[in-house]
Amino acid sequence: MSQAPSPQQVARLTIASIARLYADGERIAMLTAYDYPTARILDEAGIPILLVGDSVGQVMLGYDSTVRVTLAEMLHHTKAVVRGTTRALVVADMPFLSYGVTPEASLENAGIMMREGGAGAVKLEGGERSARTIETIVRAGIPVMGHIGLTPQSIHQLGGHRVQGKTRETGRQLLADALAVQQAGAFAMVLELVPEQLAAAITERLRVPTIGIGAGAGCSGQVQVVTDLLGMSAEFTPKHARHYTELHSIIKTAAEAYRADVIAGTFPGPAESTRIDAARLDEILGRTTLDRPEMVEASRGIPLDRDL
Ligand code: KIV
């Protein structure tokens, strides 16, 4: 009888595994992950690529944009996600200005995410403007995922979270960006907030997978921010996201029930507590007949019931 492989026996996916999924025509389901317990669950669920997105800044750290996220923060979260996974390819986002300033710094920082963070690849934003950077990193042996369309690190330049590539010029630029990222050696690229027909046309013209977010169903795969998927926020859900559960209300209901139980004194109950013999308690508290004066020395000044 064949046995399910243990987690140790499951080989971690690589960019070659992703290329195989793409070649087999299997759509690729990618999710963001930021912490150890969630990464474990997503890995168990068979998600092949976990992106430690710099969206961590907004959805986990409470920043107003991804621009504020540091390399140290990305490293911290990448390590946690890597520790929580045995199978998924972990892709670490390169934060704002950790790449594209000088080739040396870009390579050094990508190396940190791989060497110290344990990531299997890095992701960076930008099309033609980032092609040289992608090439430098890929040539050093580090797999790169590109990211074009809406690039949140350029939000101050783009002026908001708007769909990209809707005009003749911007649409053509997007196509040129996709080809440049592919040419530079990226193994895949995210297309964010792109009209679905344009995303499908770009996908058809590439020989590496596109991973869409707000880019329609014609991409080679999809990525979602895990907190959107899980319904963690009561206030805002982007148009492109679908809640697969409502964790916000599930967690809130659980916390309210816990609070009520603590106030009522019904938590913890017998099942959540440990008891010792009454006789042992008497010994501890110095209530037994054997509790002689010399024991006072041994109790090292701890006040016992007979002293009170
Ligand atoms: O940081 C992130 O979560 C991302 C995804 C939106 C692709 O880059």
Side-chain angles (χ1 to χ4, degrees), residues 13-33 42 45-55 66 88-93 120-128 130-131 134 143-154 158 161-167 170-229 237-244:
L13 300 182
T14 63
I15 61 165
S17 332
I18 303 307
R20 244 185 331 270
L21 291 179
Y22 174 64
D24 291 347
E26 186 171 323
R27 291 195 187 87
I28 301 158
M30 170 165 131
L31 278 174
T32 66
L42 303 181
I47 300 296
I49 311 180
L50 292 182
L51 168 68
V52 189
D54 60 358
S55 50
T66 59
L89 171 67
V90 177
V91 179
D93 238 345
V122 297
K123 174 169 86 58
L124 56 91
E125 296 182 3
E128 285 185 324
S130 292
I134 294 173
V144 175
M145 176 179 279
H147 184 158
I148 60 171
L150 188 278
T151 46
Q153 291 171 12
S154 314
L158 297 173
H161 286 84
R162 300 205 183 92
V163 176
Q164 304 293 302
K166 285 168 83 176
T167 66
T170 58
R172 285 191 173 178
Q173 181 59 52
L174 211 51
L175 189 53
D177 284 337
L179 293 170
V181 168
Q182 171 178 268
Q183 179 69 23
F187 74 95
M189 71 190 75
V190 168
L191 299 187
E192 181 166 357
L193 293 194
V194 175
E196 64 175 344
Q197 309 96 311
L198 181 56
I202 290 172
T203 303
E204 275 168 25
R205 284 160 177 75
L206 295 180
R207 51 188 154 68
V208 295
T210 57
I211 311 289
I213 174 163
C219 295
S220 325
Q222 299 293 325
V223 58
Q224 287 288 292
V225 171
V226 70
T227 49
D228 290 337
L229 189 95
T237 304
K239 172 176 156 55
H240 58 73
R242 185 184 296 173
H243 285 195
Y244 282 80

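Between atom CD1 of residue Ile148 and atom CD of residue Gln182 there is a gap of 10.5 Å, rounded to the nearest 0.5 Å. Here the OG-CZ distance, from Ser220 to Arg207, works out to 13.0 Å after rounding to the nearest 0.5 Å. The distance from atom CG of Leu13 to atom CD1 of Ile49, rounded to the nearest 0.5 Å, is 8.5 Å. Atom-to-atom distance recorded for Ile202:CD1 and Asp177:CG is 8.5 Å, nearest 0.5 angstrom. Rounding to the nearest 0.5 Å places CD1 of Ile213 at 7.0 Å from CG of Asp228. With values rounded to the nearest 0.5 angstrom, Asp54 atom CG is found 8.5 Å from His147 atom NE2.
Judged by distance alone, the side chain of Glu125 and the main-chain N or O of Gln153 form a donor-acceptor pair under 3.5 Å. A donor-acceptor pair under 3.5 Å is formed between the side chain of Gln222 and the backbone N or O of Gly216. Checking side-chain atoms of Thr66 against main-chain N and O of Ser55 turns up no donor-acceptor pair under 3.5 Å. Listed for the Ser17 side chain is a donor-acceptor partner under 3.5 Å among the backbone atoms of Thr14.
Across all non-hydrogen atoms, the minimal contact from Ile15 to Pro143 is CG2-CB, 3.6 Å. Ala131 and Ala180 get closest at one heavy-atom pair: CB-O, 4.1 Å. In terms of heavy-atom proximity, Leu198 sits nearest to Gly171 at CD2-CA, 3.9 Å. Pairing each heavy atom of Met189 with each of Val181, the nearest pair is CE-CG1, 3.8 Å. Pairing each heavy atom of Gly165 with each of Pro195, the nearest pair is O-CG, 4.1 Å. In terms of heavy atoms, Leu206 sits closest to Tyr22 at O-OH, 3.2 Å.
Just one of Val91, Val190, Ile18 meets the side-chain contact (heavy atoms from CB on, under 4.5 Å) condition when paired with Met30; it is Val190. The only option from Thr32, Leu51, Leu31 that meets the side-chain contact (heavy atoms from CB on, under 4.5 Å) definition with Val225 turns out to be Thr32.
A search for side chain to side chain donor-acceptor pair (under 3.5 Å) contacts involving Ser130 returns nothing, not counting sequence neighbours. Residues that satisfy the side chain to side chain donor-acceptor pair (under 3.5 Å) test with Thr203, not counting sequence neighbours, are Thr210. Here His243 pairs with Thr237, Glu246 under the side chain to side chain donor-acceptor pair (under 3.5 Å) rule; sequence neighbours left out.
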Decide side-chain hydrogen bond (donor to acceptor under 3.5 Å, both in side chains) for Glu192 and Gln164; before the verdict, give the C-alpha distance in whole Å, the side-chain angles of both, and the deciding distance to 0.1 Å. CA-CA 8 Å; Glu192 181 166 357; Gln164 304 293 302; over 6 Å; no
Residues Glu128, Gln173; criterion side-chain contact (heavy atoms from CB on, under 4.5 Å); working and verdict: CA-CA 9 Å; Glu128 285 185 324; Gln173 181 59 52; 3.0 Å; yes
